[in-house]
Amino acid sequence: MATKLGFRQASRNKSIKEHFKVCFCFKRMFRLKVAEPPEEINNIFDTYTQNGTMNMDELYNFLVHFQGEERGDDTKKHAQAVFHSLRHLNIFQRRGLHFDAFFRYLLGDLNGPLRDQVHHDMNSPLAHYFLYTGHNSYLTGNQFSSESSTTPIIKALKKGVRVIELDLWPNSREDDVDVRHGGTLTSSVKLRDCLNAIRDNAFEASDYPLIITFEDHITPPLQRKVAKMVDDIFGDMLFRPDYSHQMKKFPSPESLKGKILISTKPPESPENQGQKVQEEEVEWLEDKDDRSRVNDEDESDGESEEEESLEYRNLISIHAWKPKGKVEHWLLDHDQVRRLSLSEQVLEDIARTRGTDIVRFTQNNLLRVYPKGSRMDSSNYDPMTGWMHGAQMVAFNMQGHGHFLWYMEGMFKANGGCGYVKKPDILLNNSEIYDSRVNRPIQKTLQVLVYMGEGWQSEFGQTHFDFYSPPDFRVQVGIHGVPADIDTKVTRTIEDEWVPVWIEELNFPLTCPELALLHIKVIERDFSGQHDFAGQTCLPVSELREGIRSVRLCNRKGEPYKHVRLLVQFRFSNH
């Protein structure tokens, strides 16, 4: 028993104190605390151990019976990894884990809330997946005057983004192709540099296919130049279907591992002249004059231009179309699968009356949603509107900011962070099309028991949150999902503690757990009302591992803190 209470004994023996100045001649003193396990953790350890230590078999039983891990070799290997990770610490004994070592494991990275490997079925058509998608991937800042660079492209690829967007324009001499946001004051970057950066980083975070969407404003001669450039740079990495214009269903992510796909509107040809549609609208300032799109206004100049267009057309494995005419014509099924692009505003408008038609369309075809042109500050929109209608490519400004970007990052922590998330069955059922306007019965309740938090003292300076005392932390836990499931609950505030212990349970009934995201945010209360940010994370509910888990928190940019984490228990109850 003495060893089991090691943390508590240590905290009693420590006489370290913090001093906060209140005025010139007076200081407040606060006793520093180490991470001290809640009593319930002591009781759980007692239940699964004998003689004050936890051997390998007892750890395996804890993982299976309390944590809900599957029986078998994988869980046994995980138990061995836990022992191996703690062997170098003086709190580890040959016979097994002291309570202190067990508690260290619970708060460690080997006990995260999500699986870290790909585990979805990856053999279905591309249309059956949500894809981690970027918008204007070359911009470093706002949509109007920021620099264009390969840096944000590389950063996005390292985060696991699987769809990169490039806007193609003739350079000033019209003898080469630049990437820039046309009609704005943004600078340009050479297309060749962008393609080289993509080639070198495409599969660093994920082996699954990378899609490049071209927003094309170039002439047939430059299209031919792009075709050669793409072929030279990507070589065998480029996916070239023999008959992309006749593709009746998309290949699977598994079959396209290590491949790069090009998606854009195909140039005019005898094959597609009868089905010509308006090119994807240019965003913001470009909206004012779609005639600026070169390949819409140029007339074919003979066989040479047709040959040039043919080379470019043969690059395109995913044909893109822009809606034209009545809404009902946009969402019709064709012999050829395709990609349709809609602005966030257009999607919201048509979803009010034709939501089920959109879901049906996305069961075979790809739908890309992009930010409306007025988002000059590179802000983002609610991605759930697109996801709950089956949109695979919800395009985001990855250099942006705010809680919508946190939701995007949370969704793509699923499936091992590979950038592809299998859509739930409700969006793939073609006999009963999902209607987001009709509330389903409650499917299950998520129970979130927030035990404690630690790490702020190692991450921040003594007066980072408050000049006069240790911080006052509280946890805000919310669900973002279909409208019926949206909810937020808050724990009580623990005052003057760097290592707060809440032990509060928060319950969330869910009608659509398949699409729900759990957002956790810690704030430091300030009596002025201007509360300080102390960390956040977003997790896909469908991927949560039950049991007591270590939840690592991130900063506002989505970058994980090194030390800050919460100890949280997750449970599901079915209805």
Side-chain angles (χ1 to χ4, degrees), residues 136-138 148 153 163-183 188-199 210-235 237-247 259-283 286 289-322 336 338-339 341 368:
N136 287 352
S137 303
Y138 49 88
S148 298
I153 296 173
V163 184
I164 296 292
E165 182 188 26
L166 303 177
D167 286 9
L168 310 188
W169 291 86
N171 68 358
S172 58
R173 296 186 301 275
E174 299 193 354
D175 61 355
D176 202 355
V177 179
D178 284 342
V179 172
R180 59 185 170 87
H181 194 196
S188 63
V189 58
K190 289 187 177 300
L191 174 62
R192 182 177 295 278
D193 293 341
C194 294
L195 298 180
N196 282 325
I198 291 172
R199 177 198 60 200
L210 178 74
I211 298 171
I212 306 173
T213 61
F214 285 159
E215 185 77 56
D216 175 359
H217 312 266
I218 55 178
T219 59
L222 287 179
Q223 286 177 344
R224 183 177 185 180
K225 186 164 189 170
V226 169
K228 186 175 188 313
M229 194 185 302
V230 168
D231 195 43
D232 289 345
I233 291 173
F234 293 144
M237 298 168 75
L238 189 66
F239 175 66
R240 291 175 178 268
D242 292 334
Y243 301 101
S244 64
H245 62 285
Q246 297 175 8
M247 193 183 292
K259 292 295 184 181
I260 294 175
L261 289 73
I262 303 297
S263 178
T264 188
K265 175 182 179 281
E268 285 301 298
S269 72
E271 295 163 352
N272 63 20
Q273 279 211 338
Q275 52 182 200
K276 179 178 180 181
V277 295
Q278 179 182 334
E279 174 76 22
E280 181 176 349
E281 74 183 47
V282 187
E283 296 151 24
E286 300 166 47
D289 189 1
D290 272 350
R291 290 173 299 174
S292 67
R293 289 183 170 269
V294 178
N295 63 334
D296 265 358
E297 68 178 18
D298 282 3
E299 297 294 333
S300 176
D301 209 13
E303 291 184 8
S304 61
E305 287 195 356
E306 187 174 325
E307 289 173 5
E308 289 167 348
S309 295
L310 181 62
E311 291 188 37
Y312 185 70
R313 192 183 314 121
N314 288 341
L315 288 178
I316 304 169
S317 49
I318 300 176
H319 285 210
W321 305 104
K322 180 65 185 177
Q336 171 201 348
R338 55 189 174 140
R339 170 172 70 84
S341 285
R368 175 178 171 267

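Quantities reported herein were computed from a predicted structural model and do not represent experimental measurements.
- Using a 4.5 Å cut-off on side-chain heavy atoms (C-beta onward), H217 and E215 make contact.
- For the pair Q336 and W321, the minimum side-chain heavy-atom distance is below 4.5 Å.
- Atom CH2 of residue W169 and atom CG of residue D176 lie 16.0 Å apart, to the nearest 0.5 angstrom.
- Counting only heavy atoms from C-beta outward, the side chains of S317 and R240 never approach each other to under 4.5 Å.
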Side chain to side chain donor-acceptor pair (under 3.5 Å) between Q223 and D216: does it pass, once the steps are laid out? CA-CA 9 Å; Q223 286 177 344; D216 175 359; 3.1 Å; yes
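- Going from atom CE of M229 over to atom CZ of R224 covers 13.5 Å, rounded to the nearest 0.5 Å.
- A salt bridge links D175 with R173; the closest basic N to acidic carboxylate O contact falls under 4.0 Å.
- A distance of 10.5 Å separates CG in L195 from CG in D232, rounded to the nearest 0.5 Å.
- Of all the heavy atoms in P266 and H319, the pair that sits closest is CG-ND1, 3.5 Å.
- Exactly one of I153, V177, V189, T213 qualifies for a side-chain contact (heavy atoms from CB on, under 4.5 Å) with L166. That residue is I153.
- A distance-only check finds a donor-acceptor pair linking the side chain of T264 to the backbone of F214 [under 3.5 Å].
- Closest approach of V179 to C194, counting heavy atoms only: CG2-SG, 4.0 Å.
- Using a cutoff of 4.0 Å between basic side-chain nitrogens and carboxylate oxygens, E165 and R368 are scored as salt-bridged.
- With rounding to the nearest 0.5 angstrom, the CG atom of D178 is 5.0 Å from the CG atom of N171.
- Contact of the R199 side chain with the M237 side chain is registered, since non-hydrogen atoms from C-beta on lie closer than 4.5 Å.
- Between K259 and F239, the closest heavy-atom pair is CB-CB, 4.1 Å.
- Note: L315 CG to L261 CG = 11.5 Å, rounded to the nearest 0.5 Å.
- Contact detail for I318 and I316: the closest heavy-atom pair is O-CG2, 3.4 Å.
- Within a 6.0 Å sphere centred on CZ of R192, other residues, nucleotides and ligands contribute 12 heavy atoms or fewer.
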Which is it for V226 and Y312 under the side-chain contact (heavy atoms from CB on, under 4.5 Å) test, yes or no, and what are the steps along the way? CA-CA 7 Å; V226 169; Y312 185 70; 3.9 Å; yes
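- Side chain to side chain, R339 and S263 meet the donor-acceptor criterion of an N or O pair below 3.5 Å.
- Using a 4.5 Å heavy-atom threshold, the side chains of I164 and L210 count as touching.
- Looking at heavy atoms from C-beta onward, D167 lies out of side-chain contact with R180 at the 4.5 angstrom threshold.
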